[in-house]
Amino acid sequence: MIRAIYPGSFDPVTLGHLDIIKRASRTVDKLIVGVLNNGGKHPLFTIDERVDMLKEVTRDIPNVKIMSFSGLLVDFARQTESTVIVRGLRAISDFDYELQMAQTNRKMNPEVDTMFLATSLEYAYLSSTTVKEVAFFDGDIREFVPNQVVESVQRKVREKKAAYLRNT
Ligand code: ADP
């Protein structure tokens, strides 16, 4: 029984993330998508909103479970009895950081290995940050995020913009 964690911020989930989730879920028995509750970053969506969006877009994949976590990924791996960490690689620019993280995590918990999935070509350019920028300037994000998420992103960005304008 191989249990894996796919960790990330998912702020918001993109088609690139969903592609990795679908492909990883075919390779392992159980895939836990771990949504990082990291106070350091200033996410657009709350942790509960990110978890709910992921649940919605993965509801048809039976071996995928969505959970939030804080603290060290290796501790979350221990708690969930996971032996694999899944990460997506888009470009060489991801590589340095990902290699460093994988080696650090392995040092802290030798029972866990990191597996990298190369992004599908059509999503190689895609990141949550790009999606937020395009949405902020009223661009079309339908090719970037799952259908169920489009309106939530547009609404959230509108709210943020309104709050920003009120405060300036
Ligand atoms: P983090 O803050 O941990 O980088 P992200 O939500 O940005 O969280 O990304 C989570 C994981 O998904 C990372 O491994 C990242 O490389 C991968 N990922 C993000 N976008 C894509 C994409 N378009 N194709 C493949 N993997 C991706």
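In listed order, ligands and their atoms are each counted from 1. Keep in mind that what you see is a predicted model, and the values were worked out from it rather than measured.
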With Phe136 as reference, evaluate Lys161, Arg158, Lys160 under the side-chain contact (heavy atoms from CB on, under 4.5 Å) test and give the passing residue.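 Testing each of Lys161, Arg158, Lys160 against Phe136, the sole residue satisfying side-chain contact (heavy atoms from CB on, under 4.5 Å) is Lys161.
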State if Tyr6 counts as touching ligand 1 under the rule of any non-hydrogen atom under 4.0 Å.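 Distance cut 4.0 Å: Tyr6 passes for ligand 1.
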Could you tell me whether ligand 1 has any atom less than 4.0 Å away from a heavy atom of Pro7?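 So Pro7 counts as touching ligand 1.
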Backbone or side chain, does any N or O of [X] fall under 3.5 Å from an N or O of ligand 1?
| X | answer |
| --- | --- |
| Ile20 | no |
| Asp11 | no |
| Ser128 | no |
| Gly88 | yes |

Candidate with minimal heavy-atom separation from atom 24 (N) of ligand 1, of Asp94, Thr130, Thr119: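 Minimum heavy-atom distance to atom 24 (N) of ligand 1 goes to Thr119.
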Element-labelled atoms of ligand 1 that are located less than 4.0 Å from some non-hydrogen atom of [X]:
| X | value |
| --- | --- |
| Tyr123 | 22 (C), 23 (N) |
| Arg87 | 3 (O), 4 (O), 10 (C), 11 (C), 13 (C), 14 (O) |
| Phe10 | 6 (O) |

Return the orientation label for the Phe69 and Phe76 ring planes: parallel under 30°, perpendicular over 60°, tilted otherwise.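 Taking Phe76 first and then Phe69, their aromatic rings lie parallel (interplane angle under 30°).
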How far is [atom] from the closest protein heavy atom, and which atom is that?
| atom | value |
| --- | --- |
| atom 7 (O) of ligand 1 | His17 NE2, 4.1 Å |
| atom 21 (C) of ligand 1 | Arg90 CD, 3.5 Å |
| atom 1 (P) of ligand 1 | Ser9 OG, 3.8 Å |

Search all heavy atoms of Leu18 against all heavy atoms of Thr58 and return the closest pair with its distance. CD1-CG2, 4.2 Å
Met67 versus Val33: any side-chain heavy-atom pair under 4.5 Å? no
Check for a donor-acceptor pair, side chain of Arg87 on one end and backbone N or O of Ala102 on the other, with a separation under 3.5 Å.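 No; zero donor-acceptor contacts below 3.5 Å.
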Side chain Asp29, main chain Arg3, donor-acceptor under 3.5 Å: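 Not confirmed, Asp29 side chain does not pair with Arg3 backbone.
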Cluster question for you: counting only ILVMFWY and a side-chain heavy-atom cut-off of under 4.5 Å, with indirect links fine, are Ile66 and Val149 together? yes
Just wondering, are more than 12 heavy atoms of other shown residues or ligands nearer than 6.0 Å to CZ in Phe95? no
Side chain to side chain donor-acceptor pair (under 3.5 Å), that's the test. Do Asp19 and Ser120 meet it? Break it down for me. CA-CA 8 Å; Asp19 175 61; Ser120 296; 2.7 Å; yes
